[in-house]
Structures are given as C-alpha cells and as structure tokens.
Number of protein chains: 2
Amino acid sequence: MNSRTPGSGATRQERKQRTRQALLDAALLLLEQQSFSSLSLRQVTRAAGIVPTAFYRHFEDMDELGLVLIDESFRTLRAMIRAARADPRTYEHIIHNSVQILVGYVHEHDSHFRFIARERFGGVAVLRHAIRGEIRLFASDLATDLARFPYLDRWGTEDLQLLAGLIVNAMVSTAEAILDAPPQDPSAEAEIVTTARRQLRMITLGVPQWHSSEGHDSRSSPAAPSRPTVTASSADTAASRLHDSP
Amino acid sequence: MNSRTPGSGATRQERKQRTRQALLDAALLLLEQQSFSSLSLRQVTRAAGIVPTAFYRHFEDMDELGLVLIDESFRTLRAMIRAARADPRTYEHIIHNSVQILVGYVHEHDSHFRFIARERFGGVAVLRHAIRGEIRLFASDLATDLARFPYLDRWGTEDLQLLAGLIVNAMVSTAEAILDAPPQDPSAEAEIVTTARRQLRMITLGVPQWHSSEGHDSRSSPAAPSRPTVTASSADTAASRLHDSP
DNA sequence: GTAGTCTGTGAACAGTCGTACACTGACTGA
DNA sequence: TCAGTCAGTGTACGACTGTTCACAGACTAC
C-alpha cells in the first residue's frame, strides 16, 4: 500500500507535518514579541518560509492555529504537573520543589508560558475561553492531588477547589513574574522565587485553621465568633506537614 | 487677556480638551472588544468623529494615548482604594467590605479594569511596564495600610509587602474573574465573590502563624523543625481580628 | 480690526493585510 | 507505468493601515 520511501525527503505526510510544525514554531517565536491579535497570517508564513496562501493547506484560520498552540502549550504544563507529582520527596520540601519545577519549566518552555500569559486576557475571545477552561481543569487536578494529603483528605471538594485555586493563582502569578523579570538578572528572579515560596507557605499556614462549615457564609453570624475548634497542637502539626522543614 | 467667550462653543482649549477626551473614550470603548495592539489609529479617530490626521493634534503616538489610558484607569483604582480606606467599619467585616467595594468599582468602571487586565501581559511593552509599575505601587500602598493593623504593626516591611502581594494577587484575580463572568448571570458572579472572600480569609488565617525570621530561607534548617512559637490562643485572637466576625 | 495661531479637513502616498484563483510538479497508489 | 492527489507557488484583488502635506476657517491676542 504505502511504499514509504525512506530516502531523501521522507513521505508526503511527514513533510506536511513538518511544515505545519514550522508554522506553529514560527508563530510561537513571533508571539514572544507581540500579541496574537496583531500577528498576521503573512508574518507567520514568511517566518516559516512558505507562501501566504499555502497556510490554508494546514489551518483554516489563524484562530485554529492559535487553538493548536494553546493545546501544545498546555501539554507542556501537564508534563510539568506530572513531573511535580512524580517527585518522590512529596510531603517534604513540597513547596520548595514545586516552585523549583515551575521555574525550570518556565525557562525551558518560555514561549509556551509567555503565549498563555499574554492571551489569557488577550483580545481574541476564543483563545481566552480555551485557556480559561484549561486552567480550571488544572485547578481541579490539583484539588484531587491535595485530597491525598493527610488532614486535607477530610476536606470537602469545594474547599479543596478553593485551596487549589489559591495555589494555582500564586503559581500563575509567579510564572508571569518570572517571564517579566529582567532576563539576565539572577537576583531579580531569585527574589521572585523566594517570594513565591513564602507566599505558598503563608497560604498553607492558614490551612489548619480552615473549617469548611464556618466559611460558607462569611457575612453571617454577627454574634457568634465561631472560631476554629481545632486544637493548637493539631493545627501546628498539620501546618508543618505542608512545610519545607522535613 | 483671554476673552473667554462663554457662549456657544466654549473656548478653544476646552474644545480641544473635549475632542481629546472623545479620542480616549472612543479608544476605551473599542478596547472592550479588542486588544490595544490591534487597535488602529484610524479606528479611534473614526469612532471619535474626527479625521485620522487630526489625531496628531492630541497625541504623538498610539502608545502615548495608551499610556494616558493607563493613567486614567489607575486613577479609578486609586479612588477605589481611597473608598476602601475611608470605610469606617475597618477591622470589622474588612474582607467582606473590600470585596464589595472591588465588585462595585469593577462594574462601574468596567472598561478601565478590562483594559488593564488585557494589557497587563499584552503585546505592547511600554504599556506592560507602566501597568506593572502601577501595580507594584499599589501593593506598597496596601503594605503601609496593613501596618496600621494590630499584630501586623510589628512586622517588617518585607513581610508586609509579601502579604500585600498575596492580597493584591487575589484581588486582581477576582477582578479578572468578574470581568470574564457571563454578563447577566448573577449566580456566577456571586460564586466568584464568595470564593474571593474565602480565599482572603484563608490567607489571613495564615497571618498569625507567620514569623518573619523563620521564613527567610525556606530550604535551610534541614533538621530543626522551627515551628511557630506563637501560642494557640494568641494566634486565634490575631486571626479573628482580620475576620468578618465582629 | 486685523494678523496670527491652531484644530480639523481632504487628497494622496507606500505598505500590509486576508483571500481567491489558476498553476506546477513531486509524491502516491493501483 | 500512469492518472490522480495535493503541498506549495505566483498573481491579483480590494480593503485597511500610518503618515505627509497643503489648506480651510474659527478662535485668540494685540
């Protein structure tokens, strides 16, 4: 059937796939310097080394290319999460390691992160919604992960989502800060990293204090203090579990 | 000297100022649907009802107009902060009220917030940097505000900046979430607001546990647990001060 | 009153844009 | 081998872009 010619140029499908990837790569490269809405079809094809009209052999729209880029970028993010999850030193140094992994990925896949950060609230609605959906999915995954922690395993789904959202927020802000830091200034980045770790620590410090039942209506109970009923020792222990100190 | 004609068309300066503002308003309106980098000078002048070339009578660049828009937008934000600060019910219901004020301002000055959110990581570098600077200034202001709280008044500047950064992050995320929520779905927004309040509560719950000295190098002390030395009761009291329960 | 200032006009320019269309020529499958 | 597929080419089109220049005409200052 397919007389796959292993010679010079490879099969037709492979070559098509190669130019398609060239278009994606060229777009991603250009998007480091500008936003998607100002990126023209002609710019992309020019950078990819093909004629403008050939673009339509691969994508119907620039929008379609954008969606593929989002998918590609989030595949990177998912790989990052998998790496963090696979870390054998979970529970210990978890904050330190997570931030470490984040920073590594942001550097390695700079353009993917930059693209997502830029288009998260960019002008193109379809990209915005796609990204929003992915991040939501992301927080959900983290929430299920969090459920495996002692102490947290007794939390409700809603509260775990809450905490996950908080953590994802901090992580996203950190990634964005790193992307915007002066490129060759290690001290600036170090400060961002330190801040991120401390902020995450600060968040986790609140965890043992949190009780789902009292948080559901924050403006109610004008008389009842409804303080956490957790004891000091248990709170302390639970807090230290999420901390860096082994 | 100036024979200010109070009649029909007002003075020349006033009329110039009026078309200038028309340009700004037109741009802001257009920016609800697209990003700044894709906004053309001709679009703005068309919407403002003047000829393209007249644009240069008011701004040298589109970039200059963008910077003015940022200034205008942050003036709104500063007014919001002043409103929150002026609230006599500080300390009590502070989280609830702050979120309330935020939501009100986001709705009232929708386009300002939308513009800033969109351009915070947009394609135009000069706008990005301007916004980043303003937000930093913002967190600093909040940090000084926080210093007036009991318990927090003994914190160092650095730690206050840290906490302020967390809060600003949460607020920014909340504003962005509101902007992206389905316009006429009150339940979606209510959920965002509730989430924001809970997240802020979660953050403040960590506050009493925080000790500056132990947080400065999160990967150190591999042996010493270095737990918070604060007693359970004091932590509890300090936490409740920042909470909604009066 | 008059000369001068200055906001807004209108035509024109060189570019860039997305896309339609007819085409080439190498690879494909029988 | 040979007809067919199809990635990539080249030309052409109307629309839109930022910016120039000379000009009009209402307001200003003396």
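Within every chain, numbering begins at 1; the chains are lettered A, B, ... in the order of the sequence lines, protein sequences first and strands thereafter. Please read all numbers here as calculations on a predicted model, not as lab measurements.
Within the 3.5 Å criterion, the main-chain N or O of Leu31(B) finds no donor-acceptor partner in the side chain of Ser35(B). Between the side chain of Ser40(A) and the backbone N or O of Gln43(A) there is at least one donor-acceptor pair closer than 3.5 Å.
With rounding to whole Å, Asp63(B) atom CG is found 12 Å from dG18(D) atom P. Rounded to an integer number of Å, the gap from Gln17(A) CD to dG8(D) C1' is 16 Å. When the P atom of dT9(C) is taken as reference, atom OH of Tyr56(B) falls 15 Å away, rounded to whole Å. In this structure, Leu65(A) places its CG atom 15 Å from C1' of dG18(C), rounding to the nearest Å. What separates CD of Gln21(A) from P of dA7(D) is a distance of 16 Å, to the nearest Å. Note: CZ (Phe55(A)) to P (dT19(C)) measures 9 Å, nearest angstrom. One can place CD of Gln34(B) at 13 Å from C1' of dT17(D), the figure rounded to the nearest angstrom. Taking atom CZ of residue Phe59(A) and atom C1' of nucleotide dG18(C), one finds them 17 Å apart after rounding to whole Å.
Residue pairs satisfying the salt bridge (charged side-chain N to carboxylate O under 4.0 Å, His left out) criterion with at least one member in residues 109-123 of chain B, sequence neighbours excluded, are listed as follows: Asp110(B)-Arg114(B), Arg120(B)-Glu176(B).
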List, one per line, each side-chain donor-acceptor pair under 3.5 Å for residues 50-69 of chain A, sequence neighbours excluded.
residue  : atom : partner  : partner atom : Å
His58(A) : NE2  : Thr19(A) : OG1          : 3.4
Glu64(A) : OE1  : Glu60(A) : N            : 3.3

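With DNA chain D read from its 5' end, the first of the two nearest nucleotides for Gln13(B) and Gln43(B) is the one closest to Gln43(B). Annotation: of the two residues near DNA chain C, Lys16(B) and Arg42(B), the 5′-most nearest-nucleotide partner is Lys16(B). Comparing Met62(A) and Ile50(B) by the nucleotide of DNA chain C that holds the closest heavy atom to each, the one mapping nearer the 5' end is Ile50(B).
Of the candidate nucleotides dT9(C), dG8(C), dC6(D), dG8(C) has the atom lying nearest to any side-chain atom of Arg57(B). Of the candidate nucleotides dA7(D), dG8(C), dG18(D), dG18(D) has the atom nearest to the side chain of Leu41(B). The side chain of Arg12(B) lies closest to dA26(D), out of dA26(D), dC27(C), dT19(C). Among the nucleotides dT19(C), dT9(D), dC27(C), the one closest to the side chain of Pro52(A) is dT19(C). Nearest to the side-chain atoms of Val51(B) among the listed nucleotides dC27(C), dG8(C), dT9(C) stands dT9(C).
A salt bridge links Arg78(B) with Glu134(B): at least one charged nitrogen is closer than 4.0 Å to a carboxylate oxygen.
Under 3.5 Å, the side chain of Thr19(A) and the base of dG8(D) form no donor-acceptor pair of N or O atoms. Checked by distance alone, Arg15(B) brings no side-chain donor or acceptor within 3.5 Å of a matching partner on the base of dT7(C). Not a single donor-acceptor pair, N or O on each side, falls under 3.5 Å between the base of dG8(C) and the side chain of Thr53(B).
For Thr11(A), a side-chain nitrogen or oxygen approaches OP1 or OP2 of dT28(C) to under 4.0 Å. A sub-4.0 Å separation between OP1 or OP2 of dC17(C) and a side-chain N or O of Arg46(A) is present.
Separation of atoms CG (Leu102(A)) and OG (Ser98(A)) is listed at 8.5 Å; rounding is to 0.5 Å.
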